[in-house]
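Before any comments, here is the structure.
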Protein chains: 2
Amino acid sequence: MTDDPWVPPVVLLAVDLVILTLRDSRLHVLLVRRGVDPYKDAFALPGGFLNHAGEDITAAAHRELSEETDLDVETLSLEQLGVYGDPGRDPRGRVVSVAYLAIAPSLPEPTAGTDAADAGWQPADHVLSGDLQLAFDHRRIIADGVERARVKLEHSALATAFCGPTFTITELQNVYEAVWGIRLDPRNFYRKVQKTEGFIVPAGTARKAVTGRPARLYRAGPRTVLYPPMIRPAPVSIEGGE
Amino acid sequence: MTDDPWVPPVVLLAVDLVILTLRDSRLHVLLVRRGVDPYKDAFALPGGFLNHAGEDITAAAHRELSEETDLDVETLSLEQLGVYGDPGRDPRGRVVSVAYLAIAPSLPEPTAGTDAADAGWQPADHVLSGDLQLAFDHRRIIADGVERARVKLEHSALATAFCGPTFTITELQNVYEAVWGIRLDPRNFYRKVQKTEGFIVPAGTARKAVTGRPARLYRAGPRTVLYPPMIRPAPVSIEGGE
DNA sequence: AGGCATTTTTGTCAAAGTGACAAGAAGGTA
DNA sequence: TACCTTCTTGTCACTTTGACAAAAATGCCT
């Protein structure tokens, strides 16, 4: 150890985006296929390095979001998920990545961006099961993002972000069932969301039937924090894991 | 804009620690007084830059924790709080800081570390009210840390981390009251924690009386996730903040 | 020693919330 | 018209909560 004036080490800063949506009543995550090494041809989260040393991190996340997808950035909730900076997670050097979580309503297949040779929605359970080869530590980031979404569904009105501008109560229930991975009783769910004041508000016209009784339409209410929360049935095992 | 091969910009990576404890039934946060510019003589969170480019971020947090305090690092819960990297938050350049949250049982005044001219516990409400001048964006980081602790008290057994190895139910109640900033009914609190299986378990000897009936002693149980959660009364205003 | 203040612990009771389930309402379709 | 499907409104037993009373177990004071 020398006594030279110590200079702090520098790192490369990147952002990664976990973009979740519902397609066909299943949770999907947006992945791109890497066109360059490392992990060439493997699936990865959309993201990239800061443009310049002065770029705001959240702004970079928004920029990547609009670069790699054609989603309406303004209306999307974008929330910091955490930092992933293990040494060795990127063979190119010390790369520290800030992960963001975004929720999008169901949308058509996105068009590929510039960096990505291919981009598309992949079923979340398929990705998390390990069948799909993912670059870097992106599987863990996705797992954290899905878990965050599960928790947020309990305490916030995030579920409406998965839906379009108007939706039926059954569609909202499908969101909860898909993200939580369980089934809920339609009648109890109906009662619960109805009495959670400000969660959803009626939206004029009330028809949306392919078969069966037409459902009423609702839109997201003014409330963002749900109190009392929606209750996820018995998510905890006997010995209460973290 | 040139067409030179683009190289990603680098940033300086730091860690900051929000260390909370209970002293005299009030929530306190550990602050150091900065000995060097910028913000010389102002209060700041303990923390610092990575030692070297290969250092693990969580390891750096643990290192700073043991450097600047004489707490038993092993037993402390240490959780990532978030990334704070606004351009301009540090006049020295582009510094991105990873904040961690730690909870400690009540302890004597820590001895000053090497980088810190002074270190000590400051009441959280005093810090957050704005009376105290803080370096960088550390007031916001502390606010986020306190809010995180409030939420974690609801869903995890974190409250026991504020207590010593054994504690009474009233002491545990004091934790909730101090962190949440409200008062709770002792009888209902007693009933609630008792029937939350695995939260606390009896600890042999049962005496701890200065005045009044001696209280039974407990220790933290095996459960880390509380289900059903402890309920924080009406934290939400009419129009649901966040 | 006896009474009193204090704190812990055990109950009680009405109100609200939850889980399970039946049945009516409002469409399509054979 | 009969039937099938889905949405919506109830019902009921059980649990949990919030507010409060009262008993139990000390120390202190006179």
Side-chain angles (χ1 to χ4, degrees), chain A residues 24-25 153-155 163 166-178 180 182-219 223 226-236, chain B residues 25 153-155 159 163 166-178 180 182-219 223 226-236:
Chain A
D24 198 26
S25 288
L153 244 52
E154 294 186 80
H155 304 278
C163 304
T166 68
F167 48 86
T168 69
I169 290 185
T170 300
E171 287 172 344
L172 191 64
Q173 179 182 342
N174 285 337
V175 173
Y176 278 89
E177 292 185 334
W180 284 351
I182 57 174
R183 300 203 64 76
L184 301 170
D185 184 286
R187 298 160 290 187
N188 293 337
F189 184 84
Y190 198 94
R191 175 183 61 189
K192 175 73 174 176
V193 297
Q194 285 283 23
K195 82 164 51 172
T196 302
E197 221 172 320
F199 188 9
I200 58 175
V201 295
T205 51
R207 21 199 82 262
K208 183 105 182 270
V210 186
T211 174
R213 176 173 176 172
R216 298 202 188 109
L217 287 177
Y218 295 84
R219 62 169 46 91
R223 169 152 304 185
L226 300 186
Y227 185 84
M230 303 292 290
I231 294 174
R232 176 159 51 145
V236 190
Chain B
S25 288
L153 244 53
E154 295 186 79
H155 304 278
C163 305
T166 68
F167 49 86
T168 68
I169 290 186
T170 301
E171 288 172 343
L172 192 64
Q173 180 182 339
N174 286 337
V175 174
Y176 277 91
E177 292 185 334
W180 284 353
I182 56 174
R183 300 203 65 76
L184 300 170
D185 184 288
R187 299 161 289 187
N188 292 337
F189 184 85
Y190 198 94
R191 176 183 58 189
K192 175 72 175 177
V193 297
Q194 284 284 24
K195 81 164 50 172
T196 302
E197 220 172 322
F199 188 9
I200 58 174
V201 294
T205 51
R207 19 200 83 260
K208 183 99 182 274
V210 185
T211 175
R213 173 172 179 172
R216 301 201 186 110
L217 287 178
Y218 296 86
R219 62 169 46 91
R223 169 153 305 184
L226 301 186
Y227 186 83
M230 302 293 291
I231 292 174
R232 175 158 52 146
V236 190

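Fair warning: this is a prediction, and the values are worked out from it, not measured in the lab. First the proteins, then the strands, lettered A, B, ... as listed; each starts at 1.
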Spacing of [X] atom [atom1] relative to [N] atom [atom2], expressed in whole Å:
{"X": "A:Y218", "N": "D:dC7", "atom1": "OH", "atom2": "P", "answer": "12 Å"}
{"X": "A:Q173", "N": "D:dT8", "atom1": "CD", "atom2": "C1'", "answer": "13 Å"}
{"X": "B:E171", "N": "C:dT7", "atom1": "CD", "atom2": "P", "answer": "14 Å"}
{"X": "B:D185", "N": "D:dA21", "atom1": "CG", "atom2": "P", "answer": "11 Å"}
{"X": "A:L217", "N": "D:dT8", "atom1": "CG", "atom2": "P", "answer": "9 Å"}
{"X": "A:F189", "N": "D:dT6", "atom1": "CZ", "atom2": "P", "answer": "17 Å"}
{"X": "A:I169", "N": "D:dT9", "atom1": "CD1", "atom2": "C1'", "answer": "12 Å"}
{"X": "A:Q194", "N": "C:dG17", "atom1": "CD", "atom2": "P", "answer": "15 Å"}

*asked:* Base contacts versus sugar-phosphate-only contacts with protein, heavy atoms under 4.0 Å: please encode nucleotides 22-27 of chain D as B, S and - from 5' to 3'.
replied: --BBBS

Shortest non-hydrogen contact between [X] and [Y], atoms and distance:
{"X": "A:L226", "Y": "A:L153", "value": "CD1-O, 4.3 Å"}
{"X": "B:K192", "Y": "B:P229", "value": "NZ-O, 3.3 Å"}
{"X": "A:M230", "Y": "A:W180", "value": "CB-CH2, 4.1 Å"}
{"X": "B:Y190", "Y": "B:R216", "value": "OH-NH1, 3.4 Å"}

*Would you mind reading off the bend of the helix from C:dA1-D:dT30 to C:dA30-D:dT1 from its two end axes, five pairs each, to 10 degrees?*
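Rounded to the nearest 10 degrees, the bend comes out at 10°.
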
_Using a heavy-atom cut-off of 4.0 Å across all strands, would you classify B:T170 as base, sugar-phosphate, or nothing?_
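Result for B:T170 = sugar-phosphate.
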
*So does B:Y190 get a side-chain nitrogen or oxygen closer than 4.0 Å to the phosphate oxygens (OP1/OP2) of C:dT8?*
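For C:dT8, neither OP1 nor OP2 has a side-chain N or O of B:Y190 closer than 4.0 Å.
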
*With sequence neighbours excluded, tell me which residues meet side chain to side chain donor-acceptor pair (under 3.5 Å) with A:R219.*
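With sequence neighbours excluded, A:R219 shows a side chain to side chain donor-acceptor pair (under 3.5 Å) to no residue whatsoever.
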
*asked:* Quick check for you: to the nearest 0.5 Å, what is the distance between A:Y218 atom OH and A:L172 atom CG?
replied: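 Reported to 0.5 Å precision, the distance equals 11.0 Å.
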
Protein and nucleotides 11-17 of chain D: nitrogen or oxygen contacts under 3.5 angstrom:
residue	atom	partner	partner atom	Å
D:dT17	OP1	B:K192	NZ	2.8

*Residues forming a ring-ring contact (aromatic ring centres under 6.0 Å, His included) with A:F189, sequence neighbours excluded*: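 Testing A:F189 for ring-ring contact (aromatic ring centres under 6.0 Å, His included), a comparison that skips the adjacent residues, returns A:Y176.
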
Excluding sequence neighbours, so at least two apart, what forms side chain to side chain contact (heavy atoms under 4.5 Å, CB included) with [X]?
{"X": "B:T168", "answer": "B:T170, B:E171, B:K208, B:A215, B:L217"}
{"X": "B:S25", "answer": "B:N174"}
{"X": "B:R187", "answer": "B:D185"}
{"X": "B:R213", "answer": "none"}

